[in-house]
Participant: 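Next up is a structure, given as structure tokens.
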Amino acid sequence: MAITINIYYTGQNGSARRFAGEMVSSGTAAQIRAEAGNLRYDYFFPMDDPETVLLIDSWADQNALDVHHASPMMAQIAALRDKYDLHMKVERYLSDDAGQPARDAGFIRQ
């Protein structure tokens, strides 16, 4: 069962976007994507909130997430969050492994 975590980073005067930019430019995001069990690590910007960045962070299972949380990389991330004075809202989702229901196919354009 995959775990997906949506993290909304909010700051002031563009700090959340600068944080995401530094996560990418420093190579930290790429290192996280290369970790065993990482399925997704992508930043998005809400159109109606320029002070928030959404991170979609997905892991194969709880063990993979626990290993990531125990890694030295978490201290780097925490230091960057402090540097940019960010606040977080977190949502956690578990996949049901059932896939897309056939009745929903008519609503999805591929």
Side-chain angles (χ1 to χ4, degrees):
M1 183 176 313
I3 300 166
T4 298
I5 303 162
N6 291 350
I7 303 173
Y8 298 85
Y9 291 104
T10 302
Q12 295 181 7
N13 302 314
S15 63
R17 289 185 185 215
R18 289 193 306 276
F19 162 81
E22 188 167 342
M23 286 289 293
V24 171
S25 68
S26 70
T28 303
Q31 291 174 356
I32 293 168
R33 289 182 190 113
E35 287 184 88
N38 182 264
L39 303 175
R40 181 176 194 174
Y41 195 89
D42 293 309
Y43 292 99
F44 297 90
F45 307 111
M47 292 180 64
D48 61 348
D49 184 356
E51 298 302 336
T52 296
V53 170
L54 167 63
L55 168 63
I56 299 179
D57 187 16
S58 190
W59 296 86
D61 54 34
Q62 185 63 52
N63 184 61
L65 181 58
D66 290 344
V67 169
H68 168 65
H69 283 161
S71 75
M73 211 170 316
M74 289 305 298
Q76 296 170 355
I77 296 167
L80 279 180
R81 285 193 311 245
D82 289 345
K83 174 182 175 180
Y84 291 104
D85 192 24
L86 299 179
H87 300 274
M88 301 161 56
K89 180 180 102 176
V90 178
E91 301 168 339
R92 180 181 165 108
Y93 302 95
L94 302 177
S95 67
D96 62 10
D97 295 327
Q100 191 69 40
R103 65 183 173 273
D104 291 346
F107 300 101
I108 300 171
R109 183 175 181 190
Q110 295 188 18

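All values reported here derive from a predicted model rather than from experimental measurement.
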Participant: Can you tell if the side chain of M73 reaches within under 4.5 Å of the side chain of T28, non-hydrogen atoms only?
Facilitator: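 Yes, at least one pair of side-chain atoms sits under 4.5 Å.
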Participant: Could you check M88 against R81 for side-chain contact (heavy atoms from CB on, under 4.5 Å), going step by step and ending with a plain yes or no?
Facilitator: CA-CA 9 Å; M88 301 161 56; R81 285 193 311 245; 3.3 Å; yes
Participant: Any chain of hydrophobic side-chain contacts (each under 4.5 Å) joining M23 to V90?
Facilitator: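 Yes; tracing contacts between hydrophobic side chains, which count when under 4.5 Å, links both residues.
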Participant: Within 45 degrees of the ring normal and closer than 6.0 Å to the centroid, is that where the cationic atom of R17 sits relative to F45?
Facilitator: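 Yes; both conditions hold, so R17 lies above the ring face of F45.
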Participant: What's the spacing between Q12 CD and Y84 OH if we round to 0.5 Å?
Facilitator: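 OH of Y84 is found 15.0 Å from CD of Q12.
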Participant: For Y41 and L55, what are the C-alpha separation, side-chain angles and deciding distance, and is it a side-chain contact (heavy atoms from CB on, under 4.5 Å)?
Facilitator: CA-CA 7 Å; Y41 195 89; L55 168 63; 3.7 Å; yes
Participant: If you take all heavy atoms of A16 and G11, which pair is closest and at what distance?
Facilitator: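 Scanning both residues, the minimum pair turns out to be CB-N, 4.2 Å.
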Participant: My understanding is that a hydrophobic cluster links ILVMFWY residues whose side chain heavy atoms are under 4.5 Å apart, including indirect links. Using that, what else belongs to the cluster containing Y8?
Facilitator: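 F44, L54, I56, which link up through side-chain heavy atoms under 4.5 Å apart, make up the rest of the cluster.
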Participant: Which atom names give the shortest non-hydrogen contact between N38 and I32, and what distance separates them?
Facilitator: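 It is CB-O, 3.4 Å.
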Participant: Parallel, tilted or perpendicular: which one describes the rings of Y43 and F19, with boundaries at 30° and 60°?
Facilitator: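 Judged by the thresholds at 30° and 60°, the geometry between Y43 and F19 is perpendicular.
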Participant: Same cluster for I7 and Y93 if Ile/Leu/Val/Met/Phe/Trp/Tyr side chains link at under 4.5 Å?
Facilitator: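 Different clusters.
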Participant: Could you see if V67 belongs to whatever hydrophobic cluster contains M1? Use Ile, Leu, Val, Met, Phe, Trp, Tyr and a side-chain cutoff under 4.5 Å.
Facilitator: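 They do not share one cluster, since no chain of ILVMFWY contacts under 4.5 Å joins V67 to M1.
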Participant: For A64 versus G37, what's the shortest heavy-atom pair and its separation?
Facilitator: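 For A64 and G37, the tightest heavy-atom pair comes out as CB-CA, 3.8 Å.
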Participant: Any heavy-atom pair between the side chains of E22 and L80 that's under 4.5 Å?
Facilitator: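 A side-chain contact under 4.5 Å exists here.
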Participant: Is there a side-chain contact between S15 and L86, using heavy atoms and a 4.5 Å cut-off?
Facilitator: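 Yes, close enough: below the 4.5 Å cut-off.
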Participant: Show your working on side-chain hydrogen bond (donor to acceptor under 3.5 Å, both in side chains) between D61 and W59 and close with a plain yes or no.
Facilitator: CA-CA 6 Å; D61 54 34; W59 296 86; over 6 Å; no
Participant: Could you give me the CA-CA distance, side-chain angles and deciding distance for L94 and D96, then say whether side-chain contact (heavy atoms from CB on, under 4.5 Å) is met?
Facilitator: CA-CA 6 Å; L94 302 177; D96 62 10; over 6 Å; no
Participant: I want to check something: taking the side chain as every heavy atom from C-beta on, are I3 and Q62 in contact at a cut-off of under 4.5 Å?
Facilitator: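 Side-chain contact under 4.5 Å: yes.
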Participant: Answer whether the closest heavy-atom distance between the side chains of I5 and L65 falls below 4.5 Å.
Facilitator: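 Answer yes - side chains close enough.
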Participant: Not counting sequence neighbours, which residues clear side-chain hydrogen bond (donor to acceptor under 3.5 Å, both in side chains) with R40? List them please.
Facilitator: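 If we apply the side-chain hydrogen bond (donor to acceptor under 3.5 Å, both in side chains) test to R40, skipping adjacent residues, the hits are D42.
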